[in-house]
Amino acid sequence: MVRSAVLSGYVDLTLSLGVDPMLLLRSVGIGAAALTASDTWLPAVAVGQLLERTAHETNCEDFGLRLAMYRGLANLGPVALVAREEPDIRSALQIVLRHISLHNEALRTRLTPTGSLTTIHIQAAPGTTLDRQATELTVGATCQILREFLGKEWNPLSVCFGHSEPSHRGRSYQILGPSIEFEQSFDGIVCYTHDLDAANPLADPLLRPYAREYLRTLAPTGESTTEQVRAIIETLLPLQQCTASTVADHLGMDRRTLHRHLTRHGETFTTVLNATRLDLAHRYLTHRDRSLSDIAAELGFSELSAFSRWFRQRTGHNPGHIRSR
């Protein structure tokens, strides 16, 4: 499910392209009344179909990016109020990404720092898919939000898409910056780490404690504890700070409470950690844009030999064997 705020600007944009938006909305089972309230939940599949169908009917290959121009922090509602008061850009962005499911349950995002560069990964939640228009809308909206913190002239170092290059790059692609790469191994944004380390110019330190307390009163994200733990593990692995205590702290609980929650789902911290690592390892190994040493570091191993030994124990193969297939 996704909040109807994701379609903010849809009617105006579609009308400007000479197509009746109401016909398109009805064709996917979305009533016009759903657009009048930003807190209405809509089926993610229907929204995805709407974006793809609209792009086709308007002959507008960059429809998702054009819609992203209507996006900003304000579209995130209460989460935006909290993010604005964080002390630096990184913590503000982490608030947005960590609680994105309050607005779009079809998304999973993570922040992966690797030395001087940081990657913002955007992918579909388990059991869902992100088509071209939804992906470009999400990436474009993320760029717009970052510019609210970093200034209108800021650009990411690179923007990556897994899908193919469009037949024509319209002017809307300018919101992504000068470097856009297609047919990559992931969807997301690469920027300099020091950009995210900058102080948040929107923050008021006196309001920060109230903002964080307010965040704790927001509705649950709908994720199970296991899913939340997995998302945090993916963020912490490259930092080599992924311990049960650290993950518990991110969830606002102690280690014993985390253990009880995971036990109810038949899991332990170690089983979730290993499953997450193994899934990421297979994902990284199927692409050749990372060396084995880089993959080992992203998975939280201090040495390639430790990664190879761990991988062989769980699969019966060396990492190089998977890559060579």
Side-chain angles (χ1 to χ4, degrees), residues 1-3 5-6 8 38-39 68 71-113 118-123 125 137-151 154 156 187-225 227-239 241-242 245-253 258:
M1 301 293 283
V2 301
R3 297 280 187 183
V6 75
S8 175
S38 61
D39 60 349
R71 293 295 177 275
L73 268 176
N75 293 101
L76 298 178
V79 172
L81 297 177
V82 181
R84 284 175 61 93
E85 306 308 331
E86 287 298 295
D88 53 61
I89 311 302
R90 178 185 305 281
S91 56
L93 184 60
Q94 285 175 330
I95 289 290
V96 170
L97 300 183
R98 180 73 189 87
H99 296 277
I100 194 65
S101 57
L102 287 171
H103 299 273
N104 190 334
E105 295 177 340
L107 283 180
R108 289 295 181 272
T109 56
R110 73 178 190 276
L111 209 59
T112 306
T118 292
T119 304
I120 304 168
H121 293 268
I122 293 171
Q123 59 195 56
L137 169 60
T138 304
V139 172
T142 304
C143 283
Q144 295 287 81
I145 289 171
L146 282 168
R147 287 194 183 99
E148 290 194 43
F149 291 112
L150 292 164
W154 177 85
D187 297 305
I189 296 167
V190 181
C191 61
Y192 286 114
T193 298
H194 64 70
D195 285 343
L196 302 184
D197 291 334
N200 177 8
L202 306 178
D204 182 343
L206 295 178
L207 293 177
R208 190 172 304 137
Y210 302 103
R212 290 185 174 180
E213 180 62 30
Y214 177 54
L215 182 61
R216 286 191 281 270
T217 69
L218 294 177
T221 63
E223 293 180 298
S224 68
T225 300
E227 291 171 327
Q228 294 179 58
V229 168
R230 180 187 175 99
I232 296 171
I233 285 174
E234 289 189 12
T235 300
L236 295 177
L237 278 175
L239 305 177
Q241 298 176 356
C242 191
S245 297
T246 305
V247 171
D249 185 61
H250 274 70
L251 291 170
M253 60 181 72
L258 173 62

*Asks:* Within the structure provided, determine whether Pro156 and Tyr192 are in side-chain contact (heavy-atom separation under 4.5 Å).
*Replies:*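 Pro156 does not reach Tyr192 side chain to side chain.
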*Asks:* What distance do Leu237 atom CG and Ile232 atom CD1 have between them, rounded to the nearest 0.5 Å?
*Replies:*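 Reported to 0.5 Å precision, the distance equals 12.0 Å.
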*Asks:* Evaluate side chain to side chain contact (heavy atoms under 4.5 Å, CB included) for His121 paired with Thr112, printing each intermediate quantity in order.
*Replies:* CA-CA 8 Å; His121 293 268; Thr112 306; 3.3 Å; yes
*Asks:* So, do Val139 and Ile120 sit near enough that their side-chain heavy atoms are less than 4.5 Å apart?
*Replies:*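 Val139 vs Ile120: side chains apart.
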*Asks:* Any donor and acceptor pair, going by atom type alone, linking the side chain of Thr246 with main-chain N or O of Cys242 inside 3.5 Å?
*Replies:*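 Pair absent, no side-chain N/O of Thr246 close to backbone of Cys242.
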*Asks:* When you look at Glu227 and Val229, which way does the side chain to side chain contact (heavy atoms under 4.5 Å, CB included) test go after all the steps?
*Replies:* CA-CA 5 Å; Glu227 291 171 327; Val229 168; over 6 Å; no
*Asks:* Nearest 0.5 angstrom please: Leu111 CG to Thr119 OG1, how far?
*Replies:*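 If we round to the nearest 0.5 Å, Leu111:CG and Thr119:OG1 are 8.5 Å apart.
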*Asks:* Mind checking whether Arg90 and Asp197 have side chains closer than 4.5 Å, heavy atoms only?
*Replies:*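 Yes; the side chains approach each other to less than 4.5 Å.
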*Asks:* Any sub-3.5 Å donor-acceptor pair from Asn200's side-chain atoms to Glu86's backbone N or O?
*Replies:*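 Looks like yes, one N/O pair under 3.5 Å.
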*Asks:* Under 3.5 Å, is there a donor-acceptor pair between the side chain of Gln123 and the main chain of Asp187?
*Replies:*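 Not a single qualifying donor-acceptor pair exists.
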*Asks:* Testing the basics here: between Cys143 and Trp154, what is the closest heavy-atom pair and its distance to 0.1 Å?
*Replies:*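 It is O-CZ3, 4.4 Å.
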*Asks:* Taking the side chain as every heavy atom from C-beta outward, state whether Leu146 and Leu196 have any pair of such atoms under 4.5 Å apart.
*Replies:*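 Leu146 reaches Leu196 side chain to side chain.
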*Asks:* Establish, from distance only, whether the side-chain atoms of Thr118 and Thr193 form a donor-acceptor pair under 3.5 Å.
*Replies:*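 Looking only at side-chain atoms, Thr193 and Thr118 do form a donor-acceptor pair, the distance falling under 3.5 Å.
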*Asks:* Look up atom CD in Glu85 and atom CD1 in Ile95, then write down how far apart they are to the nearest 0.5 Å.
*Replies:*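 Glu85 CD to Ile95 CD1: 11.5 Å, rounded to 0.5 Å.
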*Asks:* As an exercise, state the distance from CD of Gln144 to CG of Asn75, rounded to the nearest 0.5 Å.
*Replies:*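 So the gap between those two atoms works out to 10.0 Å.
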*Asks:* To check you understand the geometry: which heavy-atom pair defines the closest contact between Arg84 and Leu73, and what is its length?
*Replies:*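 Nearest heavy atoms, Arg84 then Leu73: CG-CD1, 3.9 Å.
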*Asks:* For Leu107 and Ile122, work out which heavy atoms get closest and say how close.
*Replies:*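 Looks like CD2-CG2, 4.1 Å.
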*Asks:* What distance separates Ile89 CD1 from Gln94 CD, expressed to the nearest 0.5 Å?
*Replies:*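 If we round to the nearest 0.5 Å, Ile89:CD1 and Gln94:CD are 12.0 Å apart.
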*Asks:* Give me the atom names and distance for the closest heavy-atom approach of Phe149 to Pro201.
*Replies:*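 The answer is O-CG, 3.3 Å.
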